[in-house]
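Atoms within a ligand are numbered from 1 in the order they appear, just like the ligands themselves. All values reported here derive from a predicted model rather than from experimental measurement.
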Amino acid sequence: MQYRRPRRNRKSASVRELVEETSLSTKDLIFPLFLIDGQKKKIEVDSMPGIYRFTIDEMLLEIESCLKLGIQAFDVFPAYPESLKDPFAKESYNPDTFYLQGLRAIKKEFPEICLMSDVAMDPYSSDGHDGIVQNGKILNDETLEILAKMSLAQADAGVDILGPSDMMDGRVGYIREELDSHGFTDVSIMSYTAKYASAFYGPFRDALDSAPKFGDKKTYQMNPANSQEALIEADLDMEEGADFLMVKPALSYLDIIKLLQDNFPLPIAAYNVSGEYSMIKASAEKGWIDGERAMLEVLTSIKRAGAKIILTYFAKEFASLK
Ligand code: PBG
């Protein structure tokens, strides 16, 4: 005689919904958007079907349509032409640059949204690295000064959450102090805490033309083989004043999401990165998988692992479902 029959809790949709442990909401999502200079342009990213690079006028329209779907948080990344890049990412804190002007325009038009930005040198760097390069090496402490200038400029433009994605040591504390000493005590930091040196950033680097000009990012981004290091990074970020801890990428790092969720009281975010998006889109286009179901399964698994917040290119598609 078999007493225990787990299938009883799966017998109908209504019972399944009663016992469902993880539910996704549009409110959990942050939608990454790519900004380009100019007017009236909306250009699809070749390796990311359904994702566009927008000029500011088009981006304001996009945000408006997302707000109607219930998306309230946006992470804006700039794509700069080669002509504006230099070894010290000077354009990143030029107050007239289109990215900062764009952030300002977004916040002015939609003061109620949660606006996030990215802090790292790579979109502005002629070397395509997240820090200053000298003789083939990435300099840590010299880079912090540039990150701090960039952070102040973004805070001044009206950003709610800064996202340092550079993985330099000590940057969260350095940026926090700089923000506080300039009166930006309300600006939050979502640290890219455990950011791995991953192949899954490929399509994003296409979108931004930001691939490193030489070498790779392994001296600053984490080794995919390691998990203990994530605890060290999280300890430091929390001590240095981060408001959120992020794990990136998400899918191959669900164990890391869980590890941080189990060990730290801060809200955990996960970045469902470009390659994770494109993999699903490409196989769905070929008719090899059901793209919508795969999207839902992936997002649910990231939340189930312990992420409260998910940055995902699927945000609009998910929000459009119901
Ligand atoms: C910049 C940055 C990257 C991503 C977010 N911020 C790329 C990188 O580190 O090379 C990747 C996002 C994605 O793949 O969707 N430092």
Counting heavy atoms only, which part of Val273 comes closer than 4.0 Å to ligand 1: side chain, backbone, both or neither?
both
Part of Tyr277 with heavy atoms under 4.0 Å of ligand 1, whether side chain, backbone, both or neither
neither
The protein heavy atom nearest to atom 8 (C) of ligand 1 is Lys217 NZ, 3.3 Å
Please write down residue, atom name and distance for the protein heavy atom closest to atom 1 (C) of ligand 1.
Asp122 OD2, 2.9 Å
Which residue and non-hydrogen atom of the protein lie closest to atom 15 (O) of ligand 1, and at what distance in Å?
Tyr313 OH, 2.6 Å
Taking 4.0 angstrom as the limit, do Asp28 and Lys308 come out as a salt bridge?
yes
For Asp166 and ligand 1, answer yes if some heavy atom of the residue is under 4.0 Å from a ligand atom, otherwise no.
no
Does Arg53 pair with Glu44 as a salt bridge, N-O distance under 4.0 Å?
no
Any donor and acceptor pair, going by atom type alone, linking the side chain of Ser181 with main-chain N or O of Glu178 inside 3.5 Å?
yes
Are the charged groups of Asp209 and Arg205 less than 4.0 angstrom apart, N to O?
no
Which residue supplies the protein heavy atom nearest to atom 4 (C) of ligand 1, what is that atom called, and how far is it?
Lys248 NZ, 2.5 Å
For atom 9 (O) of ligand 1, the protein heavy atom that lies nearest, with its residue and separation
Lys195 NZ, 2.6 Å
Using a strict cut-off of less than 4.0 Å between a Lys/Arg side-chain nitrogen and an Asp/Glu carboxylate oxygen, indicate whether Arg176 and Glu239 qualify as a salt bridge.
no
Nearest heavy atom to atom 16 (N) of ligand 1, choosing from Ala197, Pro123, Ser165, belongs to Ser165
Would you please name every residue forming a side-chain hydrogen bond (donor to acceptor under 3.5 Å, both in side chains) with Tyr124, sequence neighbours left out?
none
Assess, by modelled atom type and distance only, whether the side chains of Glu233 and Thr193 contain a donor and an acceptor separated by less than 3.5 Å.
no
Do me a favour and list the nearest non-hydrogen protein atom to atom 14 (O) of ligand 1 with residue, atom name and distance?
Ser274 OG, 2.7 Å
Give the atom numbers and elements of ligand 1 that come within less than 4.0 Å of a heavy atom of Tyr271.
12 (C), 15 (O)
